[in-house]
Visitor: 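Quick one: the structure is below, questions incoming.
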Amino acid sequence: MEAYLVAILIITAIYVLLSLGLTLQYGLTGLINFGHVGFFCIGAYAAAILSAYAGLPVIVGFLAAIVLAGLAAFPIGLIALRLRDDYFAIVTLGFSETVRIIVTSEKQLTNGVQGIPGIPRLVDGVGILSALAVLAVLLAANGAAIYAFRRIVASPFGRMIEAIRDNEEAVKALGKDPARFKIQVLVLGAALAGLSGAFYAHYIGYVSPDQFNPLVTFYVWMAIIMGGVGRISGAIVGTALLMLFLEGSRFLRDVMPFISAVDMASIRIGAVGLALVLFTLYRPQGLMGDFTRRR
Amino acid sequence: MAFWIELVIAGLVSGLVIGLSALSITLVFGIARFPNAATGDTMTLGAYGALIGHRITGSLIAGGILGAAAGALVGVLGYLLIFRQLARRSNVALLVASIGLGFMLRAAMGVAFGHSQSVFQLPLVRPWRLGEVPIQPNDLWLALAAGSALMVVFGVLYLTPIGRRMRAVADDAALARVSGISPDRVMIALWVLAGAVAAVAGMIAGIKTVVSPEMGWDLLLPAFSAAIFGGIGSPVGAVVAGLILGVAQEVATPFVGFTYKIALAFVVMLFVLLVRPRGLFGKLEGAR
Amino acid sequence: MTIDRRTMLQAAGSALALTLTPATGKAQGAPFRIGALNPVTGAGSPYGSGMQKMILAAVDEVNAAGGAGGQKLEAFPDDTQTTPQAAVLAAKKLIEVNKVKAILGTWSSGVSLAVVPLTNDANVLLMNTSGAPALSVPPANAKGLSYRFQATNDRFGRAFAEIAVKEGYQRAATMAFNNASGIGNTTGFKKAWEAKGKKVVEEVVYEPNQSSYRAELQKVLAAKPDVIVMGSFLPDTTIILREWFQTGAKTKWIIPGWAANPQLIAALGLEATEGLISVDSVSNENAPSFKRYDALHQKVTGQPGASNVYAAMTYDMVITLALAMEAAKSADVAAINAKIREVGNPAGEEVFSFADGKAALAAGKKINYQGASSVLDFDQFGDVTPDFGVFFITKGKLERRYVVKI
């Protein structure tokens with residue numbers, strides 16, 4: 001039982017990193033990134049290739065995951081500046097699909113659809129202790145991310161990005177260039193997604209292209225919309241709720257065996273949809289947020 | 001030569017599906033002003049509706065009408081229950097809600113119809129030959145169906161009073177309201193039209209391929225590309241862009257391969273957005 | 001009526017309690033727990049429910065015969081969603097919460113590769129139906145706890161090559177669905193075909209969920225092959241063959257049995273499917289074990305047993321496991337593992353059901369279980385080499401002409 005709970009906590013912590021990245025991008029800056037899974041994918045593959053194929057130390061893979069995902073966000077950021085925000089959403093969705101296609105096609109590098117098995121674990125050994133060690137590393141990473149997040153929000157930079165979100169024209173009138181800030185935020189959020197991807201690859205131990213479909217992006221969106229957009233507590237609570245819901249459906253069947261697993265999958269995605277609609281309609285600020293300034 | 005002509009024909013037929021779904025997107029985008037991500041799942045619904053109609057009556061036309069009615073119904077319900085409530089909110093709220101609606105539709109269809117494939121039971125026929133080039137009779141029928149759907153939509157848009165009002169709202173919502181156009185009636189007409197068009201697109205896709213709850217989602221990205229490529233709010237642009245994209249995907253495959261052809265829609269979209277954001281036929285960016 | 005927080009909590013608590021202590025039934029003593037981890041949703045969904053139902057049905061059959069090794073079996077069903085992440089969490093739940101000793105019926109290679117490190121760590125048996133060669137060897141099968149009841153994709157490809165030679169084809173082309181299984185089939189074919197000194201005239205790998213496969217088809221047909229060998233699944237095969245027929249081309253096709261099945265015939269009609277060659281690992285159709293399985297499958301799913309080869313494999317998994325438990329007279333995984341080849345491989349009296357095997361073991365004989373899915377002889381990697389049935393579709397019926405042994 002404990003090991004199962006630890007496993008869920010590990011996956012939750014991995015997703016919290018994703019949610020934090022998106023919170024930075026959307027919650028603070030208003031960038032509608034529908035391609036979050038693309039950066040996650042880049043991070044996961046960077047870590048997988050460097051550790052499983054090249055045999056480099058794990059830390060190199062992690063650094064590469066963060067840097068490459070961040071770099072990939074840079075051109076996307078340049079494009080973002082020229083687009084309305086709903087166009088940007090569609091472009092980023094297309095970006096993540098393109099990443100998946102590239103990963104599928106470039107067999108020399110990624111082993112194509114066969115995926116990369118045998119990615120080494122972060123902590124050797126079996127049993128609960130090694131799992132707890134992985135969780136500890138993840139929590140440390142989350143703590144660092146949250147600390148950095150708070151510093152950013154409190155800094156002049158943070159005030160600037162919030163000002164961009166609330167009134168971009170006013171920022172321009174002050175002679176500041178919102179473009180630079182937008183790109184920086186996008187890169188930061190993507191780097192967090194890349195870090196998350198590296199943890200994911202080392203935890204699951206196997207990556208293949210079909211793990212990185214847009215549903216992952218929408219799960220993260222659901223998490224931050226439920227939790228409260230733009231707040232760290234919202235990202236954490238929302239992600240925990242999401243996991244409770246995804247894993248809880250597993251136990252629901254033990255209690256209600258008349259629901260077939262096939263229907264359960266449909267019900268799961270239907271509930272994601274319902275949550276998105278109901279929260280948008282009735283609680284746009286999410287569970288944790290006051291969120292009065294936008295919309 | 002025959003090789004390329006065959007590819008172009010195949011592309012045109014795929015392009016009709018893309019064009020029709022892009023038409024649905026561009027209507028909503030132009031008038032209700034948000035990208036409707038539930039379009040894909042409305043297409044799936046149309047395909048299942050037509051499938052049931054076809055099985056009961058044995059007639060594809062009756063099936064198509066039932067499918068279109070189902071699409072229109074979901075469009076109107078979505079508007080009344082969700083999108084009307086969000087009219088004053090940002091387009092992001094509407095976009096997120098439309099994704100939610102799409103997921104719910106897909107879930108409902110998954111429960112109702114299961115996940116294994118369904119097919120339209122239509123007789124398969126060997127092609128006619130025009131010289132070297134084989135012409136498939138079924139392609140002609142599909143083109144005819146798509147053509148009639150287009151004629152109905154353009155007839156409504158350009159020949160009826162409600163169509164004129166819809167175009168007025170698309171041009172300038174504030175001005176239209178001042179001139180006494182009831183937004184509710186225009187919106188309901190819009191959603192009937194958009195839902196029905198998406199449903200017909202879904203039916204054609206279903207006849208060409210197989211019907212499953214996930215089919216519409218897979219067609220969404222090319223449809224968005226075509227809507228943007230054609231110019232948001234331009235019905236003609238959406239259809240033309242859909243046809244161009246369809247042909248481009250097929251003709252490009254000998255050069256880019258079968259995996260990267262999927263990315264082509266995205267590349268075209270990106271290029272258009274950066275170079276000519278108003279698309280082929282679009283007006284300059286209107287106010288949001 | 002008002003529901004306050006306390007009643008909600010109580011309800012949630014009792015629901016959780018119910019979850020964690022599932023009804024153990026009438027078993028005396030602790031039952032031996034197995035996990036039925038199947039692709040009920042996702043890409044494997046056409047097979048997953050049937051696989052899971054057959055595990056549950058086989059467990060009932062074993063229990064009705066008095067259990068195995070002095071214990072009743074108890075199965076915990078779960079869904080991999082055909083994705084590694086969901087499968088890993090499901091496997092964790094089965095191992096940690098439900099305390100299963102064996103996990104049966106993982107389907108896609110990605111899922112099995114993601115689950116096998118967990119079962120190895122926990123010293124739990126894994127019986128899969130995946131095709132990827134990597135599952136045979138370390139690190140995946142480092143402890144020898146993993147068994148594969150399905151032919152590897154490579155073996156399928158070899159069978160395809162044998163058939164193409166036997167049918168006298170010269171110019172073969174291949175079309176593969178872009179995933180591990182699809183490509184595995186066609187590369188296996190290519191290797192075996194070229195080893196016979198023949199040439200593959202064109203190879204196409206296509207993506208799923210396309211609205212048309214005409215460009216792909218045209219490329220293949222332009223090379224003028226006399227036969228096209230597929231590594232494909234049902235939906236894409238349906239679309240490709242429909243478009244192929246409508247182009248008017250007259251090629252022959254060799255298609256894996258999970259794609260060229262009665263559903264395909266129902267979708268395309270008699271004329272378009274006439275003469276297609278469908279290849280499947282022969283369910284051991286003439287064996288009494290298959291008849292038992294078929295009847296059981298009819299009963300629990302309403303479909304003929306031949307419609308889902310994977311369900312036959314999961315059925316065999318339970319029977320094999322139960323016979324090994326009976327032979328080991330123990331619930332210890334290592335002891336059971338040591339007996340699996342002993343009850344499955346030759347030298348021993350051929351038995352076709354759990355009850356017969358149990359009786360034979362009780363009489364002190366050695367046994368060789370002949371499965372419903374194949375004769376089930378495991379090599380040193382835990383892989384089986386089934387025979388392959390070659391079916392020609394004639395007038396809408398799958399007609400078996402001969403069997404290929406590789």
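Lettering of chains follows the sequences in order, A, B, ..., and the numbering in each one begins at 1. Please read all numbers here as calculations on a predicted model, not as lab measurements.
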Visitor: Does NZ belonging to C:Lys191 count more than 12 external heavy atoms closer than 6.0 Å?
Guide: no

Visitor: Rounded to the nearest 0.5 Å, how far does CG of C:Leu113 lie from OG of A:Ser208?
Guide: 9.0 Å

Visitor: Checking heavy atoms, do the side chain of C:Ala87, its backbone, both or neither come under 4.5 Å from chain A?
Guide: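 For C:Ala87, neither part sits under 4.5 Å from chain A.
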
Visitor: Taking 4.5 Å as the heavy-atom cut-off, does anything in residues 192-205 of chain A contact chain C, and if so which residues?
Guide: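 Answer by number: A:Tyr200, A:Tyr203, A:Ile204.
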
Visitor: Using a 4.5 angstrom heavy-atom cutoff, name the option from C:Val88, C:Thr83, C:Asn178 with the most pairs to chain A.
Guide: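 Greatest number of close heavy-atom pairs with chain A: C:Asn178.
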
Visitor: With chain C as the partner chain, list the residues of residues 8-19 of chain A whose heavy atoms fall under 4.5 Å from it, by residue number, and write 'none' if nothing qualifies.
Guide: A:Ile8, A:Ile11, A:Tyr15

Visitor: With rounding to the nearest 0.5 angstrom, report the OH to CD1 distance, A:Tyr4 to C:Ile95.
Guide: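 So the OH of A:Tyr4 and the CD1 of C:Ile95 are separated by 12.0 Å.
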
Visitor: Below 4.5 Å from any heavy atom of chain A, which atoms of C:Leu94 appear? Answer side chain, backbone, both or neither.
Guide: neither

Visitor: Rounded to the nearest 0.5 Å, how far apart are OG of C:Ser112 and OH of A:Tyr206?
Guide: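 With rounding to 0.5 Å, OG (C:Ser112) is 9.5 Å from OH (A:Tyr206).
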
Visitor: Is C:Ala90 close to chain A through its backbone or its side chain, or both, or neither, when contacts mean heavy atoms under 4.5 Å?
Guide: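 Interface part for C:Ala90: both.
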
Visitor: Calculate, to the nearest 0.5 Å, the distance between atoms CE and CG belonging to A:Met243 and C:Leu89 respectively.
Guide: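 One gets 7.5 Å once the value is rounded to the nearest 0.5 Å.
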
Visitor: Using non-hydrogen atoms only, which part of C:Gln85 is less than 4.5 Å away from chain A: side chain, backbone, both, or neither?
Guide: both

Visitor: Under a 4.5 Å cut-off applied to non-hydrogen side-chain atoms, are C:Glu96 and A:Leu5 in contact?
Guide: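 Result no, sub-4.5 Å side-chain heavy-atom pair not found.
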
